[in-house]
Protein chains: 2
Amino acid sequence: MDSTQLLKGVLDLAVLAVLAERDGYGYDVVRRLREAGLEDVGDASVYGTLRRLFRAGALTSYVVASDEGPHRKYYGLNDVGRSLLDSSAKTWRSFSNIMNDLLKEVPS
Amino acid sequence: MDSTQLLKGVLDLAVLAVLAERDGYGYDVVRRLREAGLEDVGDASVYGTLRRLFRAGALTSYVVASDEGPHRKYYGLNDVGRSLLDSSAKTWRSFSNIMNDLLKEVPS
DNA sequence: GCCACTATTGCGCATTGCGCAGTAGTGTGC
DNA sequence: GCACACTACTGCGCAATGCGCAATAGTGGC
């Protein structure tokens with residue numbers, strides 16, 4: 001199974017969860033997701049997700065100059081984003097319970 | 001969040017898990033998945049998945065006449081399918097752990 | 001000056017689930 | 001006998017989304 005396909009529909013949730021902890025810019029979010037265990041996320045996917053969530057009105061955005069490179073475009077959750085995170089987390093949990101139940105006969 | 005997108009990449013696993021329990025034909029697999037909680041799976045998705053898995057060599061297939069309607073094309077796991085199920089289940093479990101960990105700060 | 005690292009954007013592709021239409025067999029009610 | 005519902009499968013085209021790759025650009029070390 002390709003973990004790429006597993007990410008579909010979950011990357012939004014993962015990005016929201018990371019941003020809930022603390023605001024972040026694209027490059028940083030990629031790093032934090034990889035540290036969390038999603039080692040194979042492509043940077044383009046994350047940037048795309050951030051732009052999509054922003055366009056959907058779930059994120060705030062502000063640019064900050066950096067001492068160690070180009071400017072950084074920070075993103076943070078607003079109310080829409082927080083409630084999206086909550087409802088998506090619910091959907092995920094229920095979905096993952098269904099799957100784990102389906103797999104209960106499959107040995108680890 | 002759309003549960004449709006969550007299914008991406010997981011439907012294969014769900015179908016394999018259902019078939020591991022017992023052989024089944026398309027219509028039947030749809031029913032069993034819906035009973036398991038995946039209420040929104042489209043029938044076309046399941047038929048497509050079965051064909052894809054069969055083409056990939058993970059399933060056996062045999063046609064059985066039926067008393068209550070058209071013939072039924074049964075599918076069952078072969079060795080390839082079983083090992084695909086095992087490895088996919090592993091991937092899923094590790095992935096779902098990562099997500100649950102990311103979401104540990106998000107209240108239920 | 002060249003290279004590595006940081007940081008973002010845009011383009012086109014591949015995968016895959018879905019809606020919908022079509023085909024077809026069986027049994028029920030009128 | 002005919003419309004209808006349920007069973008059962010196939011094919012077509014669409015939409016969403018993650019990815020690879022190239023391009024652009026700033027900073028600092030050698």
Side-chain angles (χ1 to χ4, degrees), chain A residues 1-16 23-35 38-56 58-59 61-75 88 91-92 95 98-99, chain B residues 1-16 23-34 38-56 58-59 61-75 88 91 95 98-99:
Chain A
M1 185 158 69
D2 195 357
S3 79
T4 266
Q5 289 300 325
L6 281 180
L7 262 187
K8 297 245 175 193
V10 182
L11 186 53
D12 283 29
L13 177 53
V15 166
L16 287 171
D23 286 8
Y25 51 97
Y27 208 77
D28 175 52
V29 172
V30 172
R31 229 170 0 211
R32 284 155 71 189
L33 287 175
R34 290 190 175 147
E35 275 165 20
L38 302 175
E39 292 163 26
D40 294 336
V41 281
D43 53 330
S45 309
V46 173
Y47 282 110
T49 300
L50 287 170
R51 270 176 276 174
R52 198 158 6 93
L53 288 172
F54 178 72
R55 212 166 46 231
L59 302 181
S61 174
Y62 49 100
V63 173
V64 176
S66 164
D67 289 343
E68 330 167 318
H71 70 282
R72 294 166 172 173
K73 194 183 276 182
Y74 275 79
Y75 292 96
S88 296
T91 306
W92 161 259
F95 185 83
I98 292 170
M99 287 306 298
Chain B
M1 183 158 71
D2 196 357
S3 78
T4 265
Q5 288 300 324
L6 282 181
L7 263 187
K8 297 245 176 192
V10 182
L11 186 54
D12 283 29
L13 177 54
V15 167
L16 288 171
D23 285 9
Y25 52 96
Y27 208 77
D28 175 53
V29 172
V30 171
R31 234 176 349 220
R32 283 156 72 190
L33 288 176
R34 289 189 177 148
L38 301 176
E39 293 165 24
D40 295 335
V41 281
D43 52 331
S45 309
V46 174
Y47 283 111
T49 300
L50 287 169
R51 271 176 275 172
R52 198 156 10 91
L53 288 172
F54 178 71
R55 212 167 46 233
L59 302 182
S61 174
Y62 49 99
V63 173
V64 176
S66 162
D67 290 341
E68 330 168 317
H71 69 281
R72 294 167 171 170
K73 193 183 278 180
Y74 276 78
Y75 291 96
S88 296
T91 307
F95 186 82
I98 291 170
M99 287 306 298

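Lettering follows sequence order; numbering is per chain, from 1. Predicted model, so just to flag it, every value in this text is computed and none were measured.
Taking atom OH on Tyr25(B) and atom P on dT7(D), their separation rounds to 9 Å, with Å as the unit. Asp28(B) has its CG atom 8 Å from the P atom of dA8(D), to the nearest Å. For the pair Leu11(A) CG and dA16(D) P, the computed distance is 16 Å after rounding to whole Å. When the P atom of dT17(D) is taken as reference, atom CG of Asp12(A) falls 6 Å away, rounded to whole Å. The separation between Arg55(B) atom CZ and dT10(D) atom P is 12 Å, rounded to whole Å. Put simply, CZ on Arg34(B) is 13 Å from P on dC6(D), counting in whole angstrom units. For the pair Tyr74(B) OH and dT7(D) P, the interatomic distance rounds to 14 Å; values are reported in whole Å. When rounded to the nearest whole Å, the span between CG of Leu13(A) and C1' of dT17(D) equals 15 Å.
Among dG18(D), dA8(D), dT10(D), the nucleotide with an atom closest to any side-chain atom of Thr4(A) is dG18(D).
Annotation: side chain of Tyr25(A) is not in contact with side chain of Tyr75(A) (no heavy-atom distance under 4.5 Å). Counting only heavy atoms from C-beta outward, the side chains of Tyr74(B) and Val63(B) never approach each other to under 4.5 Å.
Scanning DNA chain C 5' to 3' for nucleotides with an atom closer than 4.0 angstrom to a non-hydrogen atom of chain B gives a first and last hit of dT16(C) to dG27(C).
Here the straight-line distance linking atom OG of Ser45(B) with atom CG of Asp40(B) works out to 10.5 Å at 0.5 Å rounding. Of the inter-residue distances, the one linking Leu50(B) atom CG with Leu11(B) atom CG reads 8.5 Å to the nearest 0.5 angstrom. Between the CG atom in Leu7(A) and the OG1 atom in Thr49(A) there is a gap of 8.5 Å [rounded to 0.5 Å].
At the phosphate of dT10(D), neither OP1 nor OP2 sits under 4.0 Å from any side-chain N or O atom of Tyr47(B). Taking side-chain N and O atoms only, Lys73(B) has a distance below 4.0 Å to OP1 or OP2 of dT10(D). Contact check, Arg31(B) against dT7(D): a side-chain N or O comes under 4.0 Å of OP1 or OP2.
Applying the salt bridge (Lys or Arg N to Asp or Glu O under 4.0 Å) rule to Arg51(B) yields no partners; only residues at least two apart in sequence or on another chain are considered. For Asp28(A), the side-chain hydrogen bond (donor to acceptor under 3.5 Å, both in side chains) test picks out Arg32(A), with sequence neighbours left out. Looking at residues two or more places apart in sequence or on another chain, you find a salt bridge (Lys or Arg N to Asp or Glu O under 4.0 Å) between Arg52(A) and Asp12(A). With sequence neighbours left out, the salt bridge (Lys or Arg N to Asp or Glu O under 4.0 Å) criterion links Glu68(B) to Arg72(B).
The residue Gly48(A) sits apart from the nucleic acid: no heavy atom pair falls under 4.0 Å. Residue contacts shown for Val46(B) are absent, as no nucleic acid heavy atom lies under 4.0 Å away.
When every heavy atom of Met99(B) is checked against every heavy atom of Val10(A), the shortest pair comes out as CE-CG1, 3.1 Å.
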For each nucleotide in nucleotides 22-30 of chain D, reading 5' to 3', give B when a protein heavy atom comes within less than 4.0 Å of its base, S when such contact involves only the sugar-phosphate, and - otherwise.
---BBSS--
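The nearest heavy atom of DNA chain D to Tyr75(B) and to Ala44(A) marks one nucleotide each, and the one closer to the 5' end goes with Tyr75(B).
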